[in-house]
J.: 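Submitted below is the structure of interest, expressed as structure tokens.
Throughout, protein chains are lettered first and strands after them, A, B, ... in sequence-line order, and every chain is numbered starting at 1.
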Amino acid sequence: MFGLGFLNSAFLVALAATALPIIIHLLSRRRVRKVPFSTLTFIYELSKRRMRKVNLRRILILVLRTLAVLFIVIAFARPTLRSAAAFILPGTAPKNVIIGLDASYSMGVEWEMGTAFTRAKEIASGVVDESGKEDLINVVAFSDRAEALFEKGTRNKQLIKRAIGKVELTGEGTSEERAIQKAFELITQSNLENGEVYIISDFRRSSDSTLVPEVPKGVRVFFLPVYEEAVDNVSIDRILIPRKLIRPGEEVRVSVALSNHSRVNPANFPLELLVDGKRKAEKVVRLEPAASASANFSIAFNQWGVYKGTVAKSADRLPLDDERHFLLEVSKSVPVTLIRGLKQHADAKQVASYFYVERALNPRRTSEGEFVVRVVDEKTLTVSDLPARGVAVWTDPQLQGGRRRLGLMERYVHGGGALMIFLGHGSKGITRDQAFTSFIGIHGAAQKETMTGERLTSFQKDHPIFNIFSEEELELLSQASVRIYASARGAASDSIVAYLSSGDPAIWECTRGKGKLLVYAASPDMKSGDLPLSPMFLPLVHTSISYLASAERAGRLRENYVGSELFFNLPEILGGSEESLVVVDGKGSRSKPVVYESPQSEKMALLQRPGTPGFYKLLSDTAVVTEVVVNLDTRESDLNPRILDGEVVRDASIVETGDAFLKSLREKREGREVYAVFLLLAAAALVAEALLGRSA
Amino acid sequence: MPKLHQKGEITRFLDPTVVSRLGNMELKARLIVEGYIAGLHRSPYHGFSVEFAEYRQYMQGDSIRDFDWKAYGKTDRFYIKVYEEETNLRATILLDKSGSMGFSSPASRGGGGMPEIDKLTYGSLLSASLSYLMVRQQDAVGLCLFDDKIRTLIPHRSVRKHLFYLLTNLDRLTPGEKTRISPALHDIAERVTRRGLVILISDLMDDPAEVLMGLKHFRHRNHEVIVFHVLDRQELDLEYRDEVEFRDLETGKKIRVEPAFIKEHYSKQVGDWIDKLNRGCRAHQIDYNLLMTDTPFDQALTAYLGKRQRMT
């Protein structure tokens, strides 16, 4: 009500007393004496003219009496005024003053006298200076999350100012609502009933649709926009690199997504690609107002290793979103996990197909070859056995661990893994399993009795598996005899890359989620035919694995953002040395991660809140365990001012922060106790009532 | 009836409130007149008759024309011869008995207590006293009671029996209808043809111009006119506390007012009204006398006798 608050609002119940003058007035009117009179001639004339004034005066007296009671009751309820005139009145009610300081990255916008963040700190100090001696002050530094600098607030203004000075800018977004909620919590926990919440922010686009939740009684919210004009800004929003295994010499396309947030001005700027700090490529980009576009770079790496890449543009007023980082791993070899379903045939006269595949991939059985093979049993297979960038080869799948193994493989392929399956003698039992046949893309497959003497006759010659082979070589391949264990007539025709002489599909591929599957209907073992003895067997396995390893996977690599949880996968070889783990960011700051075990029994290290963009290394003692990149979430790079309309602001007051900051603040702030004014008004009403009564 | 020898005892009967509590009208009239006469320090109104009545001791102010020189010579004291007056006067008393004449205010202003006598009672007492005095002086007196028209018209007589008849009529008076003085006056003026004295006792609650027109009619007929304007003091002052609902005694209309707020203006209006009547009467050689219901009767009687003396 007119910016009026009450420190003793319970006393407002006494407002019922304002009815007393009215009741007395009505009762007195009922007690009118009836008098017979000789003639009303004179009285009639007078009553017409005079009584109208008299009645008016009577009503005025009644109003004055009612007002006197009203003012007295209000005075006892200890009113506090928030209006513009309040600051000239004496007396201040002690209250909570909570200053919300926006430390999100958009506050890093550069200004004539520093950044918007430094200006915000000055404004915060101004609010502290303007607070009353008895006010309990606290600061909530907020971005996507809100933290109070003091547990219970303090009356020491110098201490508060020093704490404000130490608050650092983060690379996170903004949630004003969280800051306000935190402020309300602090006020609720305090023993002072009233409170003022000052939100000092640039109020750029954030995740909140409504900034102010329901305001508790006795609390007032002020918005102090640090700056209100639109600022032109171009942000690098994302870097896309192929999600595949990259081999030395392979050309890689780096795609950079950019946005011009200005609604008026086009942007024209040079964009450069740096690898390990050295400039590798540069191009000039032009962006129309309010437009987004992609810029592409093509680079190749001759040496295997992990490269640190940075895409940067010429700096504008918000430098934080003018560069973005990425990590690019060039693999020396293709990691292959060979999952053996069947170890050996029952009669033990013939080795199972895994043996021939392993020999084909690593004939010399060394660790320096093109393929690094790791053999695991289907029974003991875990998630960590499956290579993130390599290929899993599953020979003679038997589903010995039941559906759990199948589920594991499905999740692997759906998550972007590459899997090659050789259906063999051991797979006879599972080709009736609908879940399995559905997974390998042969819907409705029926078991077929072993067919011998089949040959690979028809190939998709332009397919990457076969396009390097000559006609003679393919002819040579077709001379090998194979035995198949399942008819895969349900496979989609466009996914079949080779047929058997019987017309059944021999090799087909299918996509599952982000990953890829290549299935061989024929098993490469001597019990099933002579394919392992074919001179084309080794090249066929190599081209198949290379095809799967270099295939670009659907989806994008997971990005790590500043302020979000940062996970590191821990390799098993780390053993019990988790105590020595430490995370080092791009500036050299060290943090201790939290190690925990995921529901899939994987060990992870977690860094709660990476504060700055850059490269983060997980070290075990001095050895680098793994390295990840953290970038900015650019959702606040649009520096066009947000319209603080009624729906957004609700009950909050907006304080100007320009030259008239202090004046505006004084006008809008609350807390002048004005009971004396109401006592004075009551006295004035009583005096006026007495004078009116006497003159009547 | 007690003997009223003491001057103080008898003069108190000039007080209207005291007289109003007495028994019959004759007694009241007699006490008023006797009281009045006893209270006179001189007797200028005796001696108009040629018939000797009595001697009395000279008092300061008596004319030396009435000295009995023979008695002076014998007793060395001054005696005055008192004569019974012979009448040749016809007086008509016009008494307004309209509803508004029934108004009386409480004895204590603005509060409770014993009511003062109403205007009609005052007027009837005054009429009775005048009648008594006139008959005592051998004057012929007639009485006319009216409100919006003539209700009773008693012809002129000077005998004592006639006085009783008049007093009986006055004793039975009750307030009547609405006042319309002017038509009544014109009507009476037409009926009373022989020249004489006309005494109007009324609160004159009517249009002053109309009232004066009616009185002028009498003057036109060569009557001498005395007006006794009877009002209650409350009608002049409007001394009521708090809010009051007034009911018009004649029309029954009601109005709710706070007298304190209009008192000043009301008194001024009533004053103007009285002044207008007074000036109008003077303009036509009519004796105008404003009487409050608490005014002793001697003032009215003196006014009458003064007028009579001037007439003779």
J.: Flag the one option from Met101(B), His265(B), Lys254(B) with the top tally of heavy-atom pairs under 4.5 Å to chain A.
T.: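 Max contact count across the listed options: His265(B).
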
J.: Is chain A contacted by the side chain of Leu238(B), its backbone, both, or neither, given a heavy-atom distance below 4.5 Å?
T.: side chain

J.: Should the heavy atoms of other residues, nucleotides or ligands under 6.0 Å from CE of Met292(B) be counted, would the total exceed 12?
T.: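 More than 12 heavy atoms, drawn from other residues, nucleotides or ligands, come within 6.0 Å of this atom.
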
J.: Measure the shortest side-chain to side-chain distance between Tyr44(A) and Ile255(B) over non-hydrogen atoms and say whether it is less than 4.5 angstrom.
T.: yes

J.: Between CD1 of Ile43(A) and CZ of Phe246(B), what distance do you get to the nearest 0.5 Å?
T.: 4.5 Å

J.: Only heavy atoms, only distances under 4.5 angstrom. Which residues in residues 270-279 of chain B are near chain A?
T.: Val270(B), Trp273(B)

J.: If I compare all heavy atoms of Pro36(A) with all of Leu249(B), which pair ends up nearest, and what's the gap?
T.: CB-CD2, 3.6 Å

J.: If I take atom OG1 from residue Thr39(A) and atom CG from residue Asp203(B), how far apart are they, to the nearest 0.5 angstrom?
T.: 8.5 Å

J.: Please evaluate residues Val35(A) and Tyr240(B) with respect to the criterion side chain to side chain contact (heavy atoms under 4.5 Å, CB included), reporting the C-alpha separation (whole Å), side-chain torsions for both, the decisive distance (0.1 Å), and the verdict.
T.: CA-CA 10 Å; Val35(A) 174; Tyr240(B) 292 96; 3.6 Å; yes

J.: For atom CD of Glu185(A), decide whether the heavy atoms of other residues, nucleotides or ligands shown that lie under 6.0 angstrom number more than 12.
T.: yes

J.: Could you state the interatomic distance from CE (Met205(B)) to CZ (Phe42(A)), rounded to the nearest 0.5 Å?
T.: 6.5 Å

J.: To the nearest 0.5 Å, tell me how far Arg256(B) CZ sits from Lys34(A) NZ.
T.: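 Here the rounded value is 8.0 Å.
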
J.: Does any backbone or side-chain atom of Lys119(B) lie under 4.5 Å from a heavy atom of chain A? Answer side chain, backbone, both or neither.
T.: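 It is the side chain, since no backbone atom gets that close.
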
